[in-house]
Protein chains: 4
Amino acid sequence: MLDAAVRVFSHRGFHAASMDEIAEVAGISKPMVYAYLGTKDELFVACLHREATRLMEAVAAGVLPTAKPDEQLWHGLRAFFTFVGDHRDGWRVLYRQARSEPHFAGELAGMRARIVEVVAGLLASAATAAEVPGRPGDFTAMAYAYVGAAESLADWLADHEEEDPDHTATRMMNFVWVGADSLLQGRVWRA
Amino acid sequence: MLDAAVRVFSHRGFHAASMDEIAEVAGISKPMVYAYLGTKDELFVACLHREATRLMEAVAAGVLPTAKPDEQLWHGLRAFFTFVGDHRDGWRVLYRQARSEPHFAGELAGMRARIVEVVAGLLASAATAAEVPGRPGDFTAMAYAYVGAAESLADWLADHEEEDPDHTATRMMNFVWVGADSLLQGRVWRA
Amino acid sequence: MLDAAVRVFSHRGFHAASMDEIAEVAGISKPMVYAYLGTKDELFVACLHREATRLMEAVAAGVLPTAKPDEQLWHGLRAFFTFVGDHRDGWRVLYRQARSEPHFAGELAGMRARIVEVVAGLLASAATAAEVPGRPGDFTAMAYAYVGAAESLADWLADHEEEDPDHTATRMMNFVWVGADSLLQGRVWRA
Amino acid sequence: MLDAAVRVFSHRGFHAASMDEIAEVAGISKPMVYAYLGTKDELFVACLHREATRLMEAVAAGVLPTAKPDEQLWHGLRAFFTFVGDHRDGWRVLYRQARSEPHFAGELAGMRARIVEVVAGLLASAATAAEVPGRPGDFTAMAYAYVGAAESLADWLADHEEEDPDHTATRMMNFVWVGADSLLQGRVWRA
DNA sequence: TATGAATGAGAATTCATTCAT
DNA sequence: GATGAATGAATTCTCATTCAT
């Protein structure tokens with residue numbers, strides 16, 4: 001049902017997507033689209049929610065809560081990039097479109113916040129394990145940076161058909177973890 | 001002149017921005033907008049180019065070509081985040097709007113590619129200096145990741161008035177450099 | 001449906017006719033005009049075709065293929081002028097508007113050419129019947145002249161409500177046939 | 001001065017012609033066009049008048065008032081078609097455009113009426129000379145038909161670069177005079 | 001329930017026309 | 001006297017959205 005909408009939004013962009021085309025791709029008539037899914041805005045938000053939920057479920061399913069932090073991260077990233085690789089359309093809708101329409105920025109911010117907090121929690125527990133003196137509030141900031149980096153790589157992945165999700169995940173892991181590891185051992189760069 | 005356009009594009013998004021509003025904000029009449037800057041598309045591209053040019057000049061001006069790689073990076077990042085902090089609207093146009101309109105993605109990709117290559121060059125010279133055996137093609141990939149991360153932080157900065165650009169730059173530096181440093185010393189994370 | 005368009009085009013001219021007015025006269029809303037008939041250009045061409053088809057059908061219906069040439073001509077002219085008298089608006093669109101828009105001149109030229117050839121054929125068969133030594137290619141030129149004259153009279157008729165189509169046809173017949181008759185008997189004027 | 005206007009009106013059509021282009025072709029600035037020639041409508045009427053005047057003068061100059069009617073007609077036609085051949089642009093403005101813009105139909109009608117009366121006078125004097133019992137009012141109608149035919153041929157001539165004006169005049173003469181001659185000798189066609 | 005048909009509102013773009021220099 | 005710069009007013013065309021069936 002929403003698949004058609006996601007596909008159209010993804011290929012055309014939010015504004016350029018017409019309800020006509022969505023209805024046609026969905027194989028039903030326009031009034032039905034309205035009956036089932038409401039306004040164009042509501043429809044877009046529905047797409048957003050579904051894709052976000054699927055994404056979070058996929059990541060959650062990939063992570064073993066009992067594993068070590070770096071392994072949790074690795075599995076999480078792998079799940080994340082695999083999902084993005086398998087749902088390129090969904091990813092585009094989620095990020096590119098939602099971000100560019102100020103109207104939906106709020107929606108998106110909420111969903112991101114949830115992810116960020118998960119990552120921040122991961123970092124915090126890793127820091128505790130390594131007995132690094134905590135700079136508590138900043139875990140969130142770091143998490144933001146990591147999430148942002150992952151998003152960007154995902155975005156890049158979505159545009160490169162030939163790229164392998166696992167490969168991308170490995171890159172990200174090197175990028176993040178080796179740096180994070182050092183950071184968590186107390187090394188800090190200063191101007 | 002372009003300021004008004006950038007402001008409106010930034011706040012409304014490309015499609016939702018109306019030439020009427022742009023003209024009004026600019027304090028001139030619509031036909032003048034067309035006379036000076038042409039079509040809506042051309043106007044948008046003009047905004048894009050101006051913001052991109054300013055950004056690159058700001059960064060270039062901040063960097064001392066003779067400094068050590070990490071200092072170059074630090075100054076570059078500082079200049080970058082400062083610029084974004086000072087031109088939040090411009091950044092939104094550049095990063096969000098341009099990316100989400102398939103029509104302008106090409107324009108933007110070119111500009112990004114140039115930045116990525118600069119960063120890749122920086123990484124390569126740092127690797128050479130550290131006498132790390134080169135994995136040549138991958139510097140570009142790393143650069144992409146770094147640029148993406150910086151963009152994401154910048155994007156976040158653009159939405160948070162209270163955030164200090166220097167602080168953001170420091171975060172990014174820790175995030176990037178300490179990680180990069182470790183990588184360049186040959187440490188690699190493996191699954 | 002097209003009636004409204006023909007009426008407006010006829011009274012205002014192609015450019016001055018606004019889709020708004022056409023929709024209003026048709027008693028439907030503008031988007032419907034677009035849905036049914038497409039672009040303004042397409043709409044105009046549609047008018048053109050319908051009027052031209054009707055005209056040719058009316059003339060064809062009036063002519064008895066077995067009659068003598070002058071009678072065929074007479075009936076054809078009568079049908080022609082009657083039609084024009086009954087569809088003054090349509091004629092104006094066909095003759096004046098279409099001709100003055102370079103864009104549509106081609107469309108019209110094709111339709112005219114078909115009529116001209118019919119008339120030329122008529123003249124040729126009359127010449128054969130009268131055993132006048134043929135000046136073959138020139139029948140077309142003559143036909144052009146006749147068609148042009150008929151058009152002009154029709155145009156005049158279109159602007160004069162009080163004029164009787166049959167009367168006009170008789171005039172044209174005298175004008176054409178008495179001359180043609182002489183010509184076909186071999187009389188030629190020389191400077 | 002008006003030349004530029006005539007050229008532009010002729011090539012673009014009345015509506016599609018922009019004052020900008022006229023000014024540019026004329027080599028002066030737009031406000032000057034307004035200062036010298038007034039509104040677009042006024043400018044068009046000025047073009048109309050000038051071309052019409054030139055046409056009538058050319059025809060008048062070609063005719064010898066003392067010659068026989070058929071020779072007067074012949075010289076008149078020759079002058080007419082020669083003029084049209086030499087001023088194709090002017091002719092297009094005069095006829096095609098003026099006719100299609102209902103707004104200028106009146107202007108044009110007046111100019112035509114003057115020509116028609118001249119021709120009608122010619123026919124009347126020929127009839128008198130031939131001692132044909134006059135059907136007085138109808139000379140005007142005949143003249144209308146002749147003028148219309150000449151216009152149409154002229155129109156055709158204007159579109160065919162290769163056609164020779166004298167040749168066209170001869171065609172018209174045969175077409176008109178051989179018929180007129182018969183008519184003036186009392187022959188009439190009847191249904 | 002499903003839809004074909006209909007529309008109100010609004011967007012980009014263009015021009016004839018006029019000031020201020 | 002000449003013009004560069006400015007605009008009010010239209011015009012075409014599109015689309016989210018809703019009835020009547």
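As a basis for the values below, the full set of heavy atoms in this structure was taken, side chains included, without hydrogen atoms, waters or symmetry mates. These numbers come from a predicted model, not from an experiment. To find a chain, count down the sequence lines: A is the first, B the second, and so on, and within it residues start at 1.
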Q. Quick one: what's the B/S/- string for nucleotides 3-10 of chain F, heavy-atom cutoff under 4.0 Å, read 5' to 3'?
A. BBSBBB-B
Q.
Under 4.0 Å, counting only non-hydrogen atoms across every strand here, what does Ala17(D) touch: a base, just sugar-phosphate, or nothing?
A. sugar-phosphate
Q: Starting at CD of Glu24(A), measure out to CG of Asp20(A) and round the result to the nearest 0.5 Å.
A: 8.0 Å
**Q.** Any residue meeting side chain to side chain donor-acceptor pair (under 3.5 Å) with Lys40(D), in chain and number order, not counting sequence neighbours
**A.** none
(Q) What is the distance, to the nearest angstrom, from the CG atom on Asp20(A) to the P atom on dT17(F)? (A) 12 Å
Q.
Could you tell me how far apart Ile22(C) (CD1) and dC13(F) (P) are, to the nearest whole angstrom?
A. 11 Å
Q.
So which atom in Leu108(A) and which in Ala98(A) form the shortest heavy-atom distance, rounded to 0.1 Å?
A. CD2-CB, 3.9 Å
Q.
Side chain of Met19(B) only, heavy atoms from C-beta on: which candidate in dT12(F), dA12(E), dA16(E) is closest?
A. dA12(E)
(Q) Using 30° and 60° as the class boundaries, would you call the ring planes of Phe9(B) and Phe44(B) parallel, tilted or perpendicular? (A) perpendicular
Q: Would you classify Ala23(A) as touching base, sugar-phosphate or nothing, given that sugar-phosphate means primed atoms plus P, OP1 and OP2, and contacts are heavy atoms under 4.0 Å?
A: nothing
Q.
Taking 4.0 Å as the cut-off, does a side-chain nitrogen or oxygen of Thr39(B) come that near to OP1 or OP2 on dA12(E)?
A. no
Q.
As an exercise, state the distance from CG of Leu2(C) to CZ of Arg50(C), rounded to the nearest 0.5 Å.
A. 4.5 Å
Q: Output, in order, the C-alpha distance, side-chain angles, deciding distance and verdict of salt bridge (charged side-chain N to carboxylate O under 4.0 Å, His left out) for Arg54(A) and Asp86(A).
A: CA-CA 12 Å; Arg54(A) 283 186 177 175; Asp86(A) 289 347; over 6 Å; no
Q) Taking atom C1' of dA11(E) as reference, at what distance in whole Å does atom NE2 of His15(B) sit? A) 10 Å
Q. Whole Å only: how far is the CD atom of Glu21(D) from the P atom of dA16(E)?
A. 10 Å
(Q) So if I take residues 41-48 of chain A and measure heavy-atom distances to DNA chain E, which residues fall below 4.0 Å? (A) none
Q. Just the dot-bracket of DNA chain F, please: which string comes out with Watson-Crick or G-U pairs under 3.5 Å, [ ] for crossing, | for another strand?
A. .||||||||||||||||||||
Q. Taking atom C1' of dG10(E) as reference, at what distance in whole Å does atom NZ of Lys40(B) sit?
A. 12 Å
Q) What is the distance, rounded to the nearest whole Å, between atom CZ of Phe14(B) and atom C1' of dA12(E)? A) 11 Å
**Q.** Sequence-distant partners of Ala4(A), side-chain contact (heavy atoms from CB on, under 4.5 Å), two or more places apart
**A.** Val25(A), Ala26(A)
Q. Looking at OH of Tyr95(C) and OG of Ser10(C), how far apart are the two atoms once the value is rounded to the nearest 0.5 Å?
A. 14.5 Å
**Q.** For Tyr34(C), all residues meeting side-chain contact (heavy atoms from CB on, under 4.5 Å), sequence neighbours excluded
**A.** Met19(C), Lys30(C)
Q: Look at the side chain of Arg88(B) and the backbone N and O of Gly85(B), then say whether any donor-acceptor pair between them is shorter than 3.5 Å.
A: yes
**Q.** Over all atoms of both residues, closest heavy-atom pair of Leu43(B) and Ala5(B)
**A.** CD1-CB, 3.8 Å
